[in-house]
Amino acid sequence: MSIIIDQKEKLFTIHTAQSTYQMTVGKFGHLIHLYYGKKTEGDMRYLLTYGDRGFSGNPYEAERDRTYSLDALPQEYPCYGTGDYRNVALHVKNPDGTYSCDLRYQSARVVEGKYSLPGLPAVHTEAGAETLEVVLADRQSGLEVTLLYGVLADSDVITRAARIRNTGSETPYLEKAASCCLDFLYGAYDLIHFHGRHGMERQFERSSLLHADQVLQSRRGVSSHQQNPFFILADHRTGEESGECYGFSLLYSGGFKAEAAVDQYQQTRAVMGLSDEFFSWPLQQGEIFHTPEAVVCYSARGFSELSFQYHQLIRYHVCRGEWQTKRRPILINSWEAAYFDFDGEKIVEIARQASELGVEMLVLDDGWFGKRDDDFAGLGDWAANEKKLGCTLGEIGTRINALGLKFGLWIEPEMVSEDSDLYRKHPDWAFVIPGRKPVRGRYQLVLDFSRKEVVDCIFEQVAAAIEQANVEYIKMDMNRHLSDIYSHTAVFQNQGVILHKYVLGVYDFLERLLQKFPKLLIEGCAGGGGRFDAGMLYYTPQIWCSDNSDAVERIRIQYGTSFGYPIATVGSHVSAVPNHQTGRSTNIVTRGVVAMAGSFGYELDLKLITPEEKAIVRQQIQDYKKYFDLIQNGRYWRLTSPFEDEDYAAWEFTAQDGSEVLLNVVTLAAHFNGPSLYVRLRGLEEDAVYRMEETGAEYPGSALMYAGVPIPKMTDDYQAWQVHFVRK
Ligand code: GLA
């Protein structure tokens, strides 16, 4: 890793282990992007070509030279109003009502260490890191933009953000402030993105980029089930193991916008940042606005390598704190076991059953507080419903701890029920537009977390519950999207700040929880995986991946999730059959194998399973503990695609040093008199010999990788085969 500034030539080069990123200053002071790709020592200015481009304007200084146009040149942080008609990174409304900003280069320097972003999640490191700061300014308005590029000694990515400061005397409005822009001079790319819906998040979709804007976005106030703030641009020929691709991940949990388009000259531009819809940020004299952080990554070796880079980065440089790498307790969650129908005795009984099988933590889900017997009431009142429980929350915590289990609790802090004491006292704390009836979602309204007094009140209530019952885990849920955006504190012109301030309020809430309870494990959740983004993972090292706990559908959901996020962050549980969401029945072995590709737990009434199934659960818990290091710290490989391969799904974990391998296969379709199926392994040492623990058979690594192994004949759909190979 290194950053090289050639002040004379105005050439700025970033090298990571495998890639090079380069930019320069154009003859009129614009910051021109030159190259991002496989490592090179070259001065890449020779790549720029100039031509007389009709209908692509020229800066005034170009005088009679019609060959210099920002509509055709690659740039680092293009602005609206400079004659560049493509998607821009920055859009400014000036105090006089004009839309224009013209950023020119001021200075560049390398700073030791990785920058951080106040109030926002950001990549962090204890090991070596450097930051390239490139300062640009608009002379007319005094707007100064510092582009931040972070590189880490042990990571093959580049982080990007912008620090925007008003050095002028008036107040411009930021109408769009993206985190990054990446221009490609040529090439034909596919766009791979992860769309979905509640219960079916992060579905893989690949299509050719068009000569038109392709926009991935959420205008829902959260990153959303519907689109994920992670996408890939890949060469048409790129696959798991070979080919070039670029990843883009936004560390932000609110509405976002990612744009990709091929322009009129076959150049591709990708822009990513927070959503510019409902965004209009007044920047007072001297004030600074920090964009959220984006992380870009280049892989010359296919998706497998790209995912590996993001997995390592998120695990070691986004997640943090007590639970960053430690094995998380195997939990039982009360939701699909009891829903709203429980009292304290029933919860303790669920914990007791689970403790006999080796479970380590009970999570009391929705329904323990306020008047919460169904989803019509109670949100906002975070004191235990002692009448329903038949005891205090502290007593439940004590009894669960006495069984040898930790105690965890569900909360949904951003929400309020109209039938709650909080709403009756503070109706203006919810987002409601004056004079209009609000949109309800799951019968609830959203609290205005852009207001500090609202966050304070909820934080104090939640902190009291944690202290009262020795709560060691919190599941932080969020079960509707934002609408009716109106803050009763902001004057009308400032409504454009609320959505971002709301996200900052959520981050503030989480940061305060972690500061006050540094050992607390927080699992993120938003109706399952509706806020599964790298920003959230800075606070919550695991996220409930989906409300769909059906093992077969989970294979697709977890496959899509794995492109941008590591296994350790994926909350995944064994639930009951017939599955409560799909009605499908799969055997408990299969459910266990699928749930083990994540932060493992159970979510069912263990009283209802057979003695044979109980024995399997006991074994699963032992297996998960045995394989924990391999699963969470090993390298994850997608061996098939559930979107293409119909017969079986397979994935694998290999130890980083190649010493052991856990192979997982689930058959998707059983056939009468069908062909034999084989699976090829990856990431082994070619010359080493591996012993399959279950059978004692030995195979050269090269044979397992290049010829594969036959999958045992299975006589039903959705059978699982999990085998462990150990290097001799
Ligand atoms: C959301 C979560 C579920 C459960 C319910 C409780 O849907 O994703 O896991 O906690 O809320 O209401």
Side-chain angles (χ1 to χ4, degrees), residues 196-202 220 222-226 228 253 331-342 346-347 350 361-382 384-385 388 407-417 419-420 440-446 462 465 471 473-481 506 521-533 536 540 542-551 553-554 557-558 561 569-576 579-582 591 595 598-605:
R197 57 180 183 270
H198 177 222
M200 209 61 201
E201 298 87 340
R202 290 169 297 286
R220 295 164 181 271
V222 293
S223 49
S224 87
H225 309 83
Q226 287 74 10
N228 193 264
S253 310
L331 63 85
I332 176 119
N333 180 295
S334 68
W335 183 241
E336 289 193 27
Y339 296 99
F340 289 113
D341 180 20
F342 60 82
K346 189 165 174 181
I347 293 302
I350 292 173
M361 178 163 74
L362 176 122
V363 176
L364 175 52
D365 209 280
D366 198 353
W368 59 269
F369 52 88
K371 252 177 50 191
R372 186 80 168 165
D373 287 322
D374 49 38
D375 48 17
F376 292 112
L379 294 169
D381 299 339
W382 298 103
N385 183 344
K388 171 175 177 174
F407 182 42
L409 213 52
W410 178 97
I411 58 167
E412 198 184 352
E414 299 149 78
M415 297 294 151
V416 68
S417 307
D419 185 0
S420 68
R440 288 186 179 133
R442 206 189 182 194
Y443 320 112
Q444 62 201 47
L445 302 180
V446 184
V462 169
V471 172
Y473 159 108
I474 283 286
K475 175 175 171 189
M476 170 152 153
D477 210 340
M478 201 284 182
N479 279 319
R480 63 155 293 177
H481 292 149
V506 173
L521 169 60
I522 311 178
E523 174 153 358
C525 179
R531 200 157 54 180
F532 205 121
D533 56 71
M536 218 52 187
T540 72
Q542 66 190 53
I543 296 175
W544 179 228
C545 186
S546 178
D547 271 351
N548 186 343
S549 63
D550 173 272
E553 302 233 290
R554 270 292 182 121
I557 297 167
Q558 292 177 190
T561 306
T569 64
V570 175
S572 195
H573 301 167
V574 173
S575 62
N579 178 267
H580 292 186
Q581 295 86 42
T582 63
R591 280 175 275 152
S599 271
F600 188 62
Y602 291 84
E603 182 145 350
L604 73 169
D605 187 345

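Note that ligands are numbered from 1 as they come in the structure, with each ligand's atoms numbered from 1 the same way.
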**OP:** Pull out every atom of ligand 1 sitting under 4.0 Å from any heavy atom of Cys525, numbered as shown with elements.
**Re:** 2 (C), 8 (O)
Original post:
Applying a 4.0 Å heavy-atom criterion (strictly less than), which segment of Lys475 is in contact with ligand 1: side chain, backbone, both, or neither?
Top reply: side chain
Original post:
Between Glu336 and Gln581, do the side chains contain an N or O donor and an N or O acceptor separated by less than 3.5 Å?
Top reply: yes
Subject >> Gly528: numbered ligand 1 atoms lying under 4.0 Å from its heavy atoms >> reply: 8 (O)
Original post:
His225 vs His481 aromatic rings, parallel, tilted or perpendicular, using cut-offs 30° and 60°?
Top reply: tilted
Subject >> Per-residue contact class, Asp375 against ligand 1 - non-hydrogen pairs under 4.0 Å >> reply: neither
Original post:
Please state which protein non-hydrogen atom is closest to atom 11 (O) of ligand 1 and give its distance, to 0.1 Å?
Top reply: Asp477 OD2, 2.9 Å
Original post:
Where does Glu523 meet ligand 1, judged by heavy-atom distances below 4.0 Å: at the side chain, the backbone, both, or neither?
Top reply: neither
Original post:
With a 3.5 Å cut-off and no angle check, do the side chains of Asp365 and Trp368 form a donor-acceptor pair?
Top reply: no
Subject >> Any donor-acceptor N or O pair under 3.5 Å, side chains Ser575, Glu603 >> reply: no
**OP:** Scan side-chain atoms only and decide if Arg554 and Ser572 contain a donor-acceptor pair under the 3.5 Å cut-off.
**Re:** yes
Original post:
Hey, are His198 and Asp547 close enough side-chain-wise for a donor-acceptor pair under 3.5 Å?
Top reply: yes
**OP:** Look at atom 4 (C) of ligand 1 and say which protein heavy atom is nearest, naming residue and atom and giving the distance to 0.1 Å.
**Re:** Asp365 OD1, 3.4 Å
Subject >> Any N/O pair Trp335/ligand 1 closer than 3.5 Å >> reply: no
Subject >> Nearest-contact summary for atom 12 (O) of ligand 1 - protein heavy atom, Å >> reply: Asp366 OD2, 2.6 Å
Original post:
So is His198 polar-close to ligand 1, meaning N/O to N/O under 3.5 Å?
Top reply: no
**OP:** Would you tell me whether Asn579 and Ser549 have side-chain atoms, one donor and one acceptor, within less than 3.5 Å of each other?
**Re:** yes
Original post:
If you measure from each non-hydrogen atom of Asn479 to ligand 1, which part falls under 4.0 Å: side chain, backbone, both or neither?
Top reply: side chain
Original post:
Does the pair Ser253 and Asp533 meet the rule for a side-chain hydrogen bond (donor to acceptor under 3.5 Å, both in side chains), with working shown?
Top reply: CA-CA 6 Å; Ser253 310; Asp533 56 71; 2.8 Å; yes
Original post:
atom 7 (O) of ligand 1: which protein heavy atom is closest, and how many Å away?
Top reply: Asp547 OD2, 2.7 Å
Original post:
Do any N or O atoms from the side chain of Arg531 and from the backbone of Ser224 form a donor-acceptor pair under 3.5 angstrom?
Top reply: no
**OP:** Return yes or no for this condition: an N or O of Arg372 is under 3.5 Å from an N or O of ligand 1.
**Re:** no
**OP:** Decide whether an N or O pair under 3.5 Å exists between Phe340 and ligand 1.
**Re:** no
